[in-house]
Every structure is written in structure tokens, then in C-alpha cells.
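Hydrogens, waters and symmetry mates play no part in the numbers below; they use all other heavy atoms, side chains included. Not measured: the values here are computed from a predicted model. In what follows, chains are A, B, ... by sequence order, proteins preceding strands, each numbered from 1.
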Amino acid sequence: MLKIKNLHARIEDKEILKGINLEVKPGEVHAIMGPNGSGKSTLASVLAGREDYEVTEGSVEYLGEDLLEKAPEDRARSGVFLAFQYPVEIPGVSSTNFLKTAVNQVREFRGEKPLDAVGFLQMIKEKMKLVDMDQSLLGRSLNEGFSGGEKKRNEIFQMAVLDPKLAILDETDSGLDIDALKIVADGVNKLKSPDKATIVVTHYQRLLDYIVPDFVHVLYQGKIVKSGDKNLALQLEEKGYDWIKEELKATV
Amino acid sequence: MSTKSAKAELENIFNTHFEDFEKSLNGLSEKSTHEIRKSALDSLNHIGFPGNKHEEYKYTPLTRQLQKNFRFERFASTGKLKLEDLKDVPFYNENAHIVVLENGVVNTELSKVNGAQGLGIMPLKEAFKQNNEALANNFGRHLFAEKDAFAALNTAFAENGAYIHIERNTSVEKPIVLLYITTGSGELTYHPRNLIVAEENCEVNVIESFTSLNKGNAFINQSSEIVVEKNARFNYFKLQNESESTYHIDNTQVVQHRDSLFNAYTFTFDGALIRNNLNIALEEEHCEAHMYGLYLTHGKTHVDNHTVVDHKEPNSFSNEIYKGIVNDHSKGVFNGKIFVRQPAQKTNAFQSNKNILLSDNATVNTKPQLEIWADDVKCSHGCTTGQLDEESLFYLRSRGISLQKARNILLHAFASDVLEHVSISFLKEHVEYLIHKELD
Ligand SMILES: Nc1ncnc2c1ncn2[C@@H]1O[C@H](COP(=O)(O)OP(=O)(O)OP(=O)(O)O)[C@@H](O)[C@H]1O
Ligand SMILES: [Mg+2]
């Protein structure tokens, strides 16, 4: 479903991604871990289409198409969803109107009729239950003054509403208390299906207790330096990253 | 032609106009009123039209534009406006007191002013004839002709416009709407003049809306004096959406007394050149004044908002938010002056001007000017001019929203903190509609 080959990306003069290779198949869950500043969010942003990053080499194929040449909105419409590490606050934009616009633009792209007010509200209610979101948040400006946890929950809620094929969750677990974590994980698991895939970026094993990954990758200095199964995450939790850095030094 | 002689030529033209105007009055005008006119003309001749380097007009070369685009051969005439012309004019059919002004002259037949207890609305000309006490005490007493050439020009020709008087303790339920409609086919000039006196403890909403049904260049040189007496609450809205050949200058002088509240809203869309001088004098303690402005411009429209809030006594509050979305080759100018005089301790005065440029050719000049002589005050100001926030745009697009739509959403949001305070729903809806039209 997603094939990343030798992906290099930079911002201004700084090269951040230095040759990423990763393949994700339908139904799989991939976890990406790695020290701060290693390029995890950059990878997520490049996949979602953020224009600040310049791709200098490599390719990304998504559902057989060249993902990199698509505008961010077209990526979203064809099923790519990024839950942001730091969702931006947008004062003056009502959460409800925003969601309705998003849903209907995505529906239009898929050749579906736009939802009317009633249909939309029904759908929203259902999805809100899924992530146990407080309805009052929807009456406010988008993310404005939301607590860290509320923002993260809102991301998962949007994911539930937009029903993506490839979800990329960038540290959605940070800032969540244990109950919220379970709810978020639960939400993700409920949305799991054989034709969908998830990439979770995280620093902690505790999320992976709930969202069990098929593969775990370590991103370090802009490259995936190690891949394994869920046991790799347990190892990292126990030993940190130093042993991987050592291994790397040894091979150089 | 050098500016100097251009200025002088304009001054000559208006002196000749004044002679004609005096003849048309035929000695019938109340003497004291006419003295005010004559002294205003003297002021105009004394200060002259602002030249290119004039501090208050340096970004808005009004004199040059008038010189270039007008011949000033004819006065505006009236009598062309018909009922059917009004059907598409915004607000004409709203539930409000509607005053129709054709080329600045009140058309009583087309106006729809329902009798309301404590509310008096009449053509200024009528009020001059009656020369009642409120008029005599206020006309020409607040707007200082010595300070601005266009205020002087207006005062010299003051004859037409509206006189509105709200008696004490009156809550005027329906908004008062002044519909200015420009008609005719050639170039024209008019000088509408208003006086609004809101007495103690009254409450009123006044909307001014400008529509062009004419062809050709129009120069509208408007002035208003607004007196807000003790504990009165006044909402004042101005909607400027005129033809691309309209040159509009507005001088509005507001005087507030103790415990009064005044909210000004200025919405500007189309026009060739629009200059608004909004001056609010807080004469006494515990006044509250809000100035909201929103300008959305495209083409070559030039919009200049100059505001002054003058804190003269302690414990007053003023707040100003002006926002601009400037597109194509259009230009926005903002100058906000806050004066806090020495006795005006415990003043709170805030000001912000934010602009979004939608094109590389659009420009904004913004300048706050705080002059504070009191020491125990809270004042702040901030100006920003820039593009839409990239991060917010990306967030919206990452949810499947098109770039165009995402831009619109953010621009609406940008405008919303001016609009959200508008309490009159038909006005708010219309402004929202105009914003949509401008942005889509
Ligand atoms: N806009 C930017 N300008 C300059 N440097 C940037 C920019 N965005 C990212 N970087 C740099 O790129 C590197 C990778 O950042 P990125 O956010 O991808 O790391 P990360 O792996 O997500 O880290 P964390 O675990 O802390 O979230 C960092 O050194 C960061 O400072
Ligand atoms: Mg990150």
C-alpha cells in the first residue's frame, strides 16, 4: 500500500531524512521509534505533503500512485491521514464547520453525495462515542485552548470521521493519561481492517501494549537503522537507544 | 502642473462654488449657521488642501486625485431616484427606520421613518430652519474645521444630510438606517452633513450604507457630528461598498460624556479611494469606546482609516481592532492615534491593526501613534501585516480541504473577531455575504 524508497528530504539547507526505506502492506501496523530529533515527524509531514520540506531524492508510492506529486488535500482525500504531534490552534474557525467542510470535500472526491446537517450530526455523534469526546469541544474554535490531551483526542476523532486508509499517528500517546490512552488505542483498533494500515510514531511501549505492532522500526539520524517485531519495542523500552548507536558505530 | 497651483486651483473652484451656494440660499439661512459656514471657508482658505507631503495625507494623495479626476463643473442634482431603483439596495426593505439620501439630500418620500416616541429624524435643512436649541448648541461645535481641509469644506457647504435627535431615556428599538445613494451620469460632488444627538440614557443603533447607482466619478465629502450624552449607548455602523469611481472622504467626530458607550464599526469594500477620519473625544470619566474596522479590498481600491481616540478624563476605556484583507493592487492605510491627557489617569486604551496581503502588489501602511501624558495608564498597540499562516493552511488541507477553501476559511476566521460583535443580524448577514463575494 505504501512504498517508501530511498527518501531524502531537507528543510532549508539541513538534510533531515537521509534515505528512508519502508514498505507497509494493507492490514499492518508499523511502529516507528527513535530518539528526539531523528526525523520521525519530518517523515510523517513529508508523507502528508507539507511543502516546507523539500524531497531531494527517492520516491513514495501509495496505492500504486506517486504520492509525492499530490497536493496535501488530495492525499487526504485518497485516504492518508496524519494525526499531528502538535495540532495547530485555529482561532475563529468553528470545529463543527471545519469538520463538515472536510467530510464533504472528501465525500465529493469519492463521488459521494454531501451529508446534510442531520446526516452529519448523526455521524459525528457516533464517532464521538468511539473516542469518548466531549461534545462541547465541537462548539469551540478548532483546537483553541484545548488541553494537550483534548487536542490528541480531537485528532483521533477526526481520524474516525474521515475514515482513512493509511493513518499516521505522530506521538498521539504523549500527553494522554492512561484512560485517554486506552480510549485512543481502542479507537485505533476499532478502525483497523484488512485493507487499512497504521503507522504509529511513539516513544513508549505503553501505547504498543494496546496497539500491537506487526513491525517496529528505529529511525535514527534520518535513516531506519533497525527493524524488528514487537519485541524490538520491548527491548528499546528496557535498554534505550545506546546499544543501537553502538551497533551502528561498530558497522561503520 | 505643480501641486501648489493644483491646490490653489481646487481652492479657487470651491470658493466660486461657495459664492453660487450663497446665492442659492438667497439670504434665507439662519445667520449663526451661515457664520459657521463662512468661518469654515476661511479655515479652508487658511489651511489649504493637503499637499503630497502633508503628514496626515502622505499615503493618501487625495488632493492630487481630486485634481486629476474631477472638473467640479456641476453640483450634484437630485430627482432621479425611483422606488424601483431601491429594490436591490441593501437594507431598504429591512425592519428599520430608513432614511434615503439621494446625492446627500434626504428624500422624504422614499424614506420610511415610522413615528417612534422620543426619536426625531429630519433633513438637516429642516433643522436649520427650525434652529432649535440642540442644533444651535451642537452644529459645527464638535467637528473642527480648522484641523482638516475636508471637514472645513463640508462645513462650508453644510446644508443637506440628516439631523437625528434621540430624547433622554429613549431606547430606539429599530435601527436607523441612512441609505446614501449616488445617482446621475456625469461627474458629481456632494457634501452630506449629519448631526446626531443622543441624549442622556438613551440607546440607539445607526447604520450608514453607501450605494452607487451612478455612472461617472463621484466625490462624496461627508462629515458627521455625533454627541453621546451621559450614560447613552450608541452603536454606529458604516458600510462603504461603492463604485470603482467613487472618492469618498468621511469625517466623523464623536463626543462622549460620562458613563457612555460608543461602538463604531467601519466596513469598507469597494471604491476608488476612501478616507475615513474617525475621531472620538472622551470628554468625561468612565466612557467606553470601541472601534472596529474591516476592509476587504481588490482592484485598485485605496482605503485609509485614520482614527483618534482622545482620553481627556480618568477611568475611561477604549479598544480598537482594525483588520484588512488586501488583494490585487489595492492599498490599505491605517493610522491610529491614542491621546491620553495628563488628567486621564487609570485609562485603558488598546489598539490593534492586522492585515493580510493576498497579492504581491497589495500594500499596507500602518502606524500607531500613542501620546500619553498621564502616568497611571494601560495602553497597548500592535500592528501586523503578513500572509496567511502556513501551518494552519496545511492543517486544513491535510484534512482534505482544498487550498482555495482553506484560504477562505482562514480569512473568514480572520475577519470574524470584528464581525462577531455586530448585533444587528441583517447587517451582519449582508457583510458576511459581501465577504463571501469578495473571497470566492
Ligand atoms: N522547520 C524546521 N526548521 C529547521 N529545522 C527543522 C524543522 N523541522 C524539523 N527540523 C529539524 O529536523 C530534525 C528532525 O525533527 P523531527 O521533528 O522530524 O524529529 P522527531 O524525530 O519527530 O523528534 P521528536 O521525537 O522530538 O518529536 C530536528 O533536528 C529538527 O530540529
Ligand atoms: Mg516528532
Side-chain angles (χ1 to χ4, degrees), chain A residues 44-53 70-110 112 141-144 151 154-155 157-164 167-168 170, chain B residues 265 267 292-296 319 321-325 350 352-356 358 382 384 386-422 428-429 431-436 438-440:
Chain A
S45 298
V46 168
L47 293 178
R50 179 142 204 170
E51 280 148 2
D52 301 349
Y53 300 97
K70 290 187 189 213
E73 55 269 37
D74 290 330
R75 299 184 194 195
R77 292 164 181 179
S78 57
V80 176
F81 181 91
L82 169 61
F84 286 80
Q85 182 175 3
Y86 303 110
V88 58
E89 300 194 10
I90 312 187
V93 172
S94 114
S95 297
T96 314
N97 287 347
F98 152 72
L99 260 187
K100 195 165 177 208
T101 308
V103 166
N104 283 335
Q105 292 223 327
V106 170
R107 288 177 72 92
E108 193 185 320
F109 179 83
R110 294 177 184 164
E112 296 163 2
S141 283
L142 187 50
N143 290 326
E144 192 188 23
K151 282 180 187 159
N154 194 22
E155 293 293 288
F157 168 61
Q158 289 175 28
M159 178 175 106
V161 167
L162 294 174
D163 190 25
I168 305 160
D170 191 358
Chain B
Y265 300 80
F267 301 108
Y292 300 101
L294 180 64
Y295 39 100
L296 268 86
N319 184 33
I321 303 174
Y322 269 66
K323 293 204 156 181
I325 299 174
F350 308 107
S352 103
N353 173 234
K354 292 188 176 151
N355 298 284
I356 291 183
L358 292 183
T384 58
Q387 275 82 35
L388 282 175
D389 180 44
E390 285 295 329
E391 224 184 311
S392 303
L393 266 182
F394 178 61
Y395 189 85
L396 297 178
R397 295 176 77 191
S398 78
R399 298 311 184 235
I401 298 174
S402 70
L403 176 60
Q404 164 79 6
K405 187 82 193 162
R407 275 206 183 112
N408 281 356
I409 288 175
L410 294 179
L411 291 171
H412 276 274
F414 175 76
S416 69
D417 42 333
V418 169
L419 256 189
E420 70 183 4
H421 303 282
V422 176
K428 190 173 183 173
E429 277 163 26
V431 173
E432 266 164 5
Y433 159 78
L434 291 175
I435 295 175
H436 264 289
E438 191 75 22
L439 298 180
D440 289 348

Contacting moiety of [X], where chain B heavy atoms sit under 4.5 Å:
| X | value |
| --- | --- |
| A/P164 | neither |
| A/S45 | backbone |
| A/R75 | neither |
| A/L142 | side chain |

Measure the shortest side-chain to side-chain distance between [X] and [Y] over non-hydrogen atoms and say whether it is less than 4.5 angstrom.
| X | Y | value |
| --- | --- | --- |
| B/I325 | B/E438 | no |
| B/L388 | B/L411 | yes |
| B/N353 | B/N355 | yes |

Mutual orientation of the aromatic rings belonging to B/H421 and B/Y292 [parallel < 30°, tilted 30-60°, perpendicular > 60°]: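 Judged by the thresholds at 30° and 60°, the geometry between B/H421 and B/Y292 is parallel.
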
Ring geometry between B/F394 and A/F84 (parallel below 30°, tilted from 30 to 60°, perpendicular above 60°):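 Ring orientation of A/F84 relative to B/F394: perpendicular.
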
Among [options], which has the most heavy-atom pairs under 4.5 Å with chain B?
| options | value |
| --- | --- |
| A/T101, A/N104, A/V161, A/N97 | A/T101 |
| A/E51, A/E89, A/Q158 | A/Q158 |
| A/R50, A/E73, A/M159, A/Q105 | A/E73 |

Largest heavy-atom contact set with chain A, pairs under 4.5 Å, which of B/S402, B/A413, B/A415, B/S392: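 Among the listed options, the one with the most contacts to chain A is B/S402.
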
B/I409, B/N408, B/L393 screened by side chain to side chain contact (heavy atoms under 4.5 Å, CB included) with B/I401, the one that passes: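 It is B/I409, the one option of B/I409, B/N408, B/L393 that forms the side chain to side chain contact (heavy atoms under 4.5 Å, CB included) with B/I401.
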
Interchain contact, B/L403 with chain A, by part (heavy-atom threshold 4.5 Å):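 When you check distances to chain A, atoms from both the backbone and side chain of B/L403 fall under 4.5 Å.
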
Aromatic A/F109 / basic A/R107 pairing, under 6.0 angstrom, 45° off normal: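 Verdict for A/F109: no cation-pi partner in A/R107.
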
